[in-house]
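By convention in this document, chain letters (A, B, ...) are assigned in the order of the sequence lines, proteins followed by strands, and residues within each chain are numbered from 1.
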2 protein chains.
Amino acid sequence: MVRMGLKTYLMLEPGFDVIAEASNGLEVIERLREIAAEGSEMPDLILMDLMMPEMNGTEATRLVLSEFPAVRVVMLTSFLEDRLVMEAIEAGAVSYVLKTVTAEELIYALKGAFRGMPVMTGDVSQALTRGIRQRTVQSDSSPLTEREKEVLLLIAEGMGNKEIGEELHISIKTVKTHVSNLLMKCELEDRTQLAIFAHRQGMVRL
Amino acid sequence: MVRMGLKTYLMLEPGFDVIAEASNGLEVIERLREIAAEGSEMPDLILMDLMMPEMNGTEATRLVLSEFPAVRVVMLTSFLEDRLVMEAIEAGAVSYVLKTVTAEELIYALKGAFRGMPVMTGDVSQALTRGIRQRTVQSDSSPLTEREKEVLLLIAEGMGNKEIGEELHISIKTVKTHVSNLLMKCELEDRTQLAIFAHRQGMVRL
DNA sequence: GAACGCCTCGGTCTTAAGACCGAGAGAAGG
DNA sequence: CCTTCTCTCGGTCTTAAGACCGAGGCGTTC
């Protein structure tokens with residue numbers, strides 16, 4: 001729905017032309033290869049939605065840029081999660097734009113992206129700086145291991161140490177060790193803050 | 001941006017006509033009064049965004065329906081929070097549609113809404129049933145008091161009982177009492193689950 | 001005045017949480 | 001072979017959390 005509306009709107013905007021569209025990340029790659037194969041003009045910009053079936057926008061961006069480094073990818077999405085913003089930029093997106101922007105702001109951001117200039121609203125830049133800050137504190141004390149992520153997820157579900165131990169088939173002592181390591185690595189004080197942390201990061205969905 | 005695109009798209013759809021638009025809840029009321037004053041034909045449907053400056057979609061819906069009961073309001077938004085869905089339906093919205101729907105699904109939902117038939121995708125109906133379930137368990141044990149909501153918010157920020165007591169200028173004992181009451185009313189087991197609960201409900205933003 | 005709900009606070013008690021200590025097994029890499 | 005990392009587990013200890021008991025002040029309502 002958003003894509004259809006966006007397309008019809010952009011077509012009316014002078015200087016813009018919509019030459020292709022896709023409903024998920026895999027289709028994006030396919031379209032680009034088709035266009036490249038038939039020798040047509042490649043798109044200057046790709047407006048990428050973050051949440052897509054099959055392949056999400058971040059993975060798609062990474063793939064697209066590895067194969068077609070010349071295109072500019074603008075991430076367009078509804079969600080403002082620190083981790084998501086981080087990953088999108090890391091994957092190579094020029095800008096990260098929320099769907100709540102006005103038409104004028106979008107046009108401005110697209111024109112900026114065409115020149116390779118990131119244009120970010122205040123919300124996004126805040127999320128980005130928060131993400132970077134958390135990233136650096138994480139890299140200070142090494143990233144989380146797989147097991148620790150599992151434990152963190154279960155904490156974020158509201159489970160106690162005993163339940164987590166039963167769920168993962170390990171003793172309570174081991175769970176406590178993981179929790180202590182998580183608290184140290186994330187620089188937090190208790191499991192409640194860990195649960196909040198996980199939710200803010202967008203690690204938990206429903 | 002979304003509104004512009006949506007407008008241009010719906011104008012092209014046979015059977016649909018966009019007769020007005022507004023950028024926030026207050027403007028919606030103004031437009032409707034203008035239309036009513038000049039004796040023009042009233043809109044059949046209102047596509048309402050949930051997150052708007054000045055006045056949000058839920059309040060606007062309540063106001064619109066109290067003044068113009070004949071119109072059908074369709075809530076169109078990016079956020080899927082149990083509480084938000086609940087409140088929107090409670091305010092009188094016929095349908096609650098996510099912006100991730102396809103153009104076809106939107107048209108289908110709008111045609112349904114025109115006849116007063118709610119059309120909901122699986123995600124939304126799940127959120128709604130969860131919201132209703134939580135609402136009923138809350139009404140069983142009375143709703144939360146203002147003070148309890150304050151404490152819950154601080155718990156959801158990751159604070160300990162001692163910090164909360166200092167923040168609210170009350171003793172730790174009192175905080176514990178509130179926490180115990182919160183756990184009983186929400187039917188949860190510890191403060192971590194309370195924090196998760198608050199976040200899922202959409203009580204905490206950033 | 002009596003009843004009720006809300007906020008406040010106290011004591012006691014049990015238990016989960018977390019810190020700090022050490023340590024063995026196994027896999028990966030120099 | 002040795003080191004390093006990860007996962008595992010044990011003991012001890014301190015403290016925060018939460019349950020359960022009671023209770024006084026305060027405002028509203030009947």
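Nucleotide C/dA27 holds its P atom 16 Å from the CZ atom of A/Arg147, rounded to whole Å. Between B/Glu163 atom CD and D/dA16 atom C1' the separation is 12 Å, expressed in whole Å. Atom CD in A/Gln193 sits about 14 Å away from atom P in D/dA16, given to the nearest Å. Rounded to whole Å, the distance from CG on B/Leu152 to C1' on C/dC7 is 17 Å. Rounded to an integer number of Å, the gap from A/Glu148 CD to D/dT6 P is 7 Å.
In this model, the phosphate group of C/dT8 is not approached by any side-chain N or O of B/His169 to a distance below 4.0 Å at OP1 or OP2.
Within the 4.0 angstrom heavy-atom criterion, only backbone atoms of the sugar-phosphate kind lie near B/Thr145; the bases stay farther away. If you check every strand for non-hydrogen atoms under 4.0 Å, A/Ser171 touches sugar and phosphate atoms only.
Considering only side-chain atoms of B/Ile170, the nucleotide from C/dC9, D/dC9, D/dC7 that sits closest is C/dC9.
With sequence neighbours left out, the side chain to side chain contact (heavy atoms under 4.5 Å, CB included) criterion links A/Leu65 to A/Thr61, A/Val71, A/Val73.
Environment of CE in B/Met42: crowded, with over 12 heavy atoms of neighbouring residues, nucleotides or ligands closer than 6.0 Å.
Salt-bridge formation is detected for the pair A/Glu146/A/Lys149: a Lys NZ or Arg NE/NH1/NH2 atom is positioned less than 4.0 Å from an Asp or Glu carboxylate oxygen.
Residues A/Met75 and A/Ile89 form no side-chain contact, since every pair of their non-hydrogen atoms from C-beta on lies 4.5 Å or further apart.
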Only distances under 3.5 Å count here; give the side-chain donor-acceptor pairs of residues 16-25 of chain B to other protein atoms, sequence neighbours excluded, each with its distance to 0.1 Å.
from	atom 1	to	atom 2	distance (Å)
B/Glu21	OE1	B/Arg3	NE	2.9
B/Glu21	OE2	B/Lys7	NZ	2.8
B/Ser23	OG	B/Glu27	OE1	3.4
B/Ser23	OG	B/Glu27	OE2	2.9
B/Asn24	OD1	B/Leu26	N	2.9
B/Asn24	OD1	B/Glu27	N	3.0

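Not a single donor-acceptor pair under 3.5 Å links the side chain of A/Ser95 to the backbone N or O of A/Val97.
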Check nucleotides 17-20 of chain D for protein N or O atoms closer than 3.5 Å to its own N or O atoms and list the pairs.
from	atom 1	to	atom 2	distance (Å)
D/dA17	OP1	B/Asn161	N	3.4
D/dA17	OP2	B/Asn161	ND2	3.2
D/dA17	N7	B/Lys176	NZ	3.1
D/dG18	OP1	B/Arg191	N	2.6
D/dG18	OP2	B/Arg191	NH1	2.7
D/dG18	N7	B/Lys176	NZ	2.8
D/dG18	O6	B/Lys176	NZ	3.0
D/dA19	OP2	B/Ser180	OG	2.7

